Amino acid sequence: MTFLLKITTAETSAAEALAQAKAEGLARALDRLAAAAAEITGQVPQAERDSWATKAVAARAYLADAASADQLAMLQAEAAVTGEAVADLAAAIVAMADAYASIAAQLAGLRRKTRAVIEIATTPAQVQVALAALDAALLNLGAG
């Protein structure tokens, strides 16, 4: 009969607990940030969200009287469906793009800040503090 005895030091156990807390903390932070982004974008399909940057460029060009034929055609196609004037649609697209860019920048900053704090944490409790700070920041997202 053979027995396997594994002896783990307190330091090793603490290091393993910290590594696990960091990995779980990063995953939870990303989940929370994704949920916050989803609250902002709503139930918009990814294919439509992928077009937002292109539409914003076209709308800005239209408002500056510099839209290409393709950009104008894209805006006209959407305006024909919604019944809006192209100028009104372009203004709305720019306003939404500017608002979303601000929120997206805040989310990116929160992700980077939270990741950095978690990476330098020396205890699982510090990881939890980082997540609590993220939660507090998400409550105020877009304010100020």
Side-chain angles (χ1 to χ4, degrees), residues 4 6-144:
L4 178 62
K6 181 180 177 188
I7 299 174
T8 303
T9 65
E11 292 81 16
T12 300
S13 291
E16 289 171 354
L18 179 58
Q20 182 174 353
K22 286 181 175 186
E24 290 173 358
L26 288 170
R28 281 195 295 257
L30 292 176
D31 287 345
R32 291 172 183 170
L33 290 161
E39 284 184 36
I40 294 159
T41 61
Q43 297 296 319
V44 177
Q46 183 63 47
E48 184 177 341
R49 288 195 311 263
D50 289 346
S51 74
W52 286 357
T54 302
K55 285 174 47 174
V57 169
R60 289 182 202 288
Y62 177 85
L63 294 174
D65 287 328
S68 69
D70 289 341
Q71 289 172 324
L72 181 58
M74 179 179 57
L75 295 171
Q76 288 173 331
E78 185 171 339
V81 172
T82 64
E84 296 170 271
V86 174
D88 293 339
L89 173 63
I93 289 171
V94 168
M96 288 185 287
D98 289 347
Y100 183 72
S102 174
I103 296 294
Q106 290 177 57
L107 288 172
L110 287 171
R111 179 190 53 77
R112 293 181 65 226
K113 179 180 180 180
T114 303
R115 176 179 293 279
V117 171
I118 289 173
E119 286 176 352
I120 65 169
T122 57
T123 66
Q126 290 175 342
V127 173
Q128 293 307 311
V129 169
L131 291 174
L134 173 62
D135 288 341
L138 289 174
L139 287 175
N140 296 316
L141 189 66

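Just so it is clear, the model here is predicted, and its values are computed rather than measured.
One finds the CG atom of Leu89 at 9.5 Å from the CG atom of Leu63 (value rounded to the nearest 0.5 Å). In this structure, CD in Gln106 is found 12.0 Å from NZ in Lys113, a value given to the nearest 0.5 Å. A distance of 12.5 Å separates CG in Leu18 from OG in Ser13, rounded to the nearest 0.5 Å.
Taking the side chain as every heavy atom from C-beta outward, Leu33 and Leu134 approach each other to under 4.5 Å. Two residues are said to be in side-chain contact when any heavy atoms from C-beta on lie closer than 4.5 Å; Tyr62 and Ile93 fail this criterion. Side-chain contact between Leu30 and Arg115: present, with at least one pair of heavy atoms (C-beta onward) separated by less than 4.5 Å. With a 4.5 Å cut-off on side-chain heavy atoms, Arg60 and Asp98 count as touching.
Listed here is the closest heavy atom pair of Thr122 and Gln126: N-OE1, 2.5 Å. Of all the heavy atoms in Glu119 and Lys22, the pair that sits closest is O-NZ, 2.8 Å. Taking both residues in full, the closest heavy atoms of Met74 and Ala58 are given as CE-CB, 3.3 Å, listed atom of the first, atom of the second, then distance. Here the closest non-hydrogen pair linking Thr82 and Glu84 is OG1-OE1, 2.8 Å. The minimum heavy-atom distance linking Ala56 with Ala97 is given by the pair CB-CB, 3.7 Å.
Residue pairs meeting the side chain to side chain donor-acceptor pair (under 3.5 Å) criterion with at least one partner in residues 26-45, sequence neighbours excluded, are Arg32-Asp135.
Although no hydrogens or angles enter the test, the distance criterion places a donor-acceptor pair under 3.5 Å between the side chain of Gln71 and the main chain of Ser68. Remark: the backbone N or O of Ala99 is not paired with any side-chain donor or acceptor of Ser102 at under 3.5 angstrom.
Under a cut-off of 6.0 angstrom, the local environment of CD in Gln20 is sparse, with at most 12 non-hydrogen atoms contributed by other residues, nucleotides or ligands.
Between Leu26 and the options Ile118, Val127, Thr114, Leu131, a side chain to side chain contact (heavy atoms under 4.5 Å, CB included) holds for only Ile118.
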